Each structure stands twice: as structure tokens, then as C-alpha cells.
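Everything numeric here is computed off the predicted structure, so don't read it as measured data. A note on names: the letters A, B, ... follow the listed sequences, proteins ahead of strands, and every chain is numbered from 1.
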There are 2 protein chains.
Amino acid sequence: MNKNYSRAIPEDWRSMAAVFVALGDEHRQRILLTFEPGERLNVGQIAEVSTLARSTVSHHLKILRQAGVLGSEKIGKEVYFWVDKAWLKTVFANVAGYIEHSA
Amino acid sequence: MNKNYSRAIPEDWRSMAAVFVALGDEHRQRILLTFEPGERLNVGQIAEVSTLARSTVSHHLKILRQAGVLGSEKIGKEVYFWVDKAWLKTVFANVAGYIEHSA
DNA sequence: CCGATATATCGATATTTTTCGATATATCGA
DNA sequence: TCGATATATCGAAAAATATCGATATATCGG
């Protein structure tokens with residue numbers, strides 16, 4: 001038993017945690033499911049199909065981007081988002097590794 | 001672009017979501033990190049090393065158990081918990097599969 | 001430069017989650 | 001059976017998060 005409950009959360013855990021929080025919300029899951037493979041979508045397109053206000057969609061996209069789940073790029077007036085597959089694969093490989101070796 | 005934002009979340013996603021919510025909380029991460037490989041711990045042992053009240057620890061353990069992250073068994077007066085490696089591996093394999101094929 | 005458009009941010013409110021102490025339930029040992 | 005112990009549940013308060021509409025910022029076209 002590891003008794004040092006209050007120690008710092010390991011660094012690779014912290015990035016995982018942000019992904020967990022991001023993907024734990026149902027609206028953010030729905031946003032993720034809106035993307036088709038390799039697709040890039042802007043805020044307006046996502047807000048259009050969602051049931052939420054634009055500012056709320058913007059908020060959720062920010063959380064997804066900060067967690068690394070989505071990448072983003074501003075092109076002209078619009079900001080395009082895409083699913084960052086590489087990052088997600090890295091994160092889940094880390095989690096799988098932790099489970100295999102430390103749990 | 002998938003326009004059906006309000007459709008039901010896929011079944012395998014819902015179990016993943018519960019795991020994401022469970023692991024998104026810092027105290028629940030700390031609880032998970034308290035377990036050493038293969039170890040079984042009861043509520044009192046976890047509450048002992050944590051900074052939280054027993055009832056709060058009990059609450060977090062319930063969330064972790066419902067998400068399948070932990071298994072539990074009552075032995076006498078005590079309830080023992082352990083990390084359900086097999087379930088976590090299944091969940092993260094599903095996530096990795098989704099990312100690979102649908103993102 | 002000006003008006004229109006896309007997005008982000010702000011401020012207030014609503015909802016959800018966390019937290020604790022008190023109480024309820026189950027089990028053990030005397 | 002009675003008292004002690006372990007855990008779960010309940011109810012209320014506190015904290016965090018989500019939500020919206022209004023406003024600010026940036027960019028484009030004319």
C-alpha cells in the first residue's frame with residue numbers, strides 16, 4: 001500500500017487526467033462523435049448541429065483543446081478543430097502501460 | 001460530419017464515459033495510486049491515508065466501483081477493493097480502437 | 001474605413017458534484 | 001443479546017462546472 005496520498009500526481013497522469021475530465025462530459029462526447037475520420041470542423045458547424053448556445057460550444061471546445069483531444073487552427077474568421085488522434089493514442093498507451101505495470 | 005448530435009451515445013461509449021468521469025477526479029486518482037500491484041484494500045485503510053472524511057472516501061469508492069475501475073467484496077465487517085485491471089484494459093482497448101477507426 | 005461575420009470572453013444564474021457529520025445497517029466478539 | 005466496529009446512506013452546505021445572452025476582438029469584403 002502506498003501511504004503517500006498527498007504526493008504530486010505523476011506528470012504523465014496529469015495530462016491523462018485532463019483527457020479524462022474532457023471526455024467525461026456527455027456534450028463533449030457528442031461533439032467528438034460529430035467528427036468524421038480526418039475531418040476538420042469550425043465552431044459554427046458544431047454549434048449548428050448541437051443543442052447548445054454558441055458560447056457554450058466554444059467553452060466545451062476550449063476544454064477539449066486544452067486537454068489535447070482536439071487541435072485547432074484559425075483560418076480567416078473561422079477556427080477549425082480536428083481530433084488529435086496521435087495525442088489520444090499516446091495518452092491511452094500510457095494508461096494501458098500504467099495498468100499493466102503498476103496496478 | 002455527423003449531424004445527428006442528439007442520438008444515443010453508443011453503448012460501449014457509455015461504459016467508457018463512466019471510467020472517464022471516475023478517473024477525472026484528483027482524489028479518485030490518488031485513491032487509485034494508493035493500490036500496489038494486485039493489492040486489496042478496505043475502506044478504512046484508504047480513509048486512513050487520505051485527507052478526506054470516511055464517508056467521502058466511501059462516496060468516491062462507490063463511483064470507482066460503479067465505473068468498474070475497482071472491484072469489491074465484503075469480508076466480515078470490512079469491504080475490500082481492488083483495481084480491476086481486466087476491465088480497464090478492455091475499456092482502453094475499445095477507446096484505442098475507436099480512435100484508430102473512427103476519428 | 002465601415003459594416004458584417006466568426007469566435008472568444010465576461011458576468012450572472014442554474015445545475016451538479018463534493019464534502020462533512022449524523023444516522024442507519026450489518027457483523028463480530030464477549 | 002449487547003456493545004463495539006466497519007461501512008453505507010442521508011441531508012445540508014460549500015465548491016465547482018455548465019449555461020446563456022451580452023459584449024469584446026479579429027477578420028473579411030466592399
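Nearest nucleotide to the side chain of A/K62, out of C/dT7, C/dT9, D/dA8: C/dT9. When each of C/dT7, D/dC20, D/dA6 is scored by its nearest atom to the side-chain atoms of A/A53, the top-ranked nucleotide is D/dC20. Closest approach to the B/T56 side chain among C/dT9, C/dC20, D/dT19 is made by C/dC20 (side chain taken as heavy atoms from C-beta onward). In the set D/dT19, C/dT7, D/dC20, the nucleotide with an atom closest to the side chain of A/E78 is C/dT7. Of the candidate nucleotides C/dG21, D/dC20, C/dC28, D/dC20 has the atom nearest to the side chain of A/L52.
Note on A/I63: only backbone sugar-phosphate atoms sit closer than 4.0 angstrom, heavy atoms only; bases stay farther off. Residue B/H60 is classed as a sugar-phosphate contact, given heavy-atom separations below 4.0 Å to backbone atoms only. Using a 4.0 Å heavy-atom criterion, one finds that A/R28 contacts the sugar-phosphate atoms exclusively.
DNA chain D is contacted by both A/H27 and A/I75; A/H27 maps to the nucleotide lying nearer its 5′ end (nearest heavy atom per residue).
Applying the 4.0 Å criterion to OP1 and OP2 of D/dT7, one finds that B/N42 has a side-chain N or O inside that range. B/S58 has a side-chain polar atom (N or O) that falls below the 4.0 Å cut-off from OP1 or OP2 of D/dA8. The side chain of B/H59 contributes no N or O atom lying less than 4.0 Å from OP1 or OP2 of C/dT17.
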Using Watson-Crick and G-U wobble pairs whose two distances are both under 3.5 Å, how do you write the pairing of DNA chain C as dot-bracket, with | for links to another strand?
-> ||||||||||||||||||||||||||||||
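The distance from atom OH of A/Y80 to atom C1' of C/dA6 is 10 Å, rounded to the nearest whole Å. The nearest whole Å value for the distance from the CZ atom in A/R65 to the P atom in C/dT9 is 8 Å. For B/L61 and D/dT9, the CG to P distance is 12 Å, given to the nearest whole Å.
Under a hydrophobic clustering in which Ile, Leu, Val, Met, Phe, Trp and Tyr are joined whenever their side-chain heavy atoms come within less than 4.5 Å, directly or via other members, B/Y98 and B/M16 fall into the same cluster.
Shown here for A/R28 and A/I63, the closest heavy-atom pair between the two residues is NH1-CD1, 3.4 Å.
Ion pairing between A/E48 and B/K3 fails under the 4.0 Å rule for side-chain N and carboxylate O.
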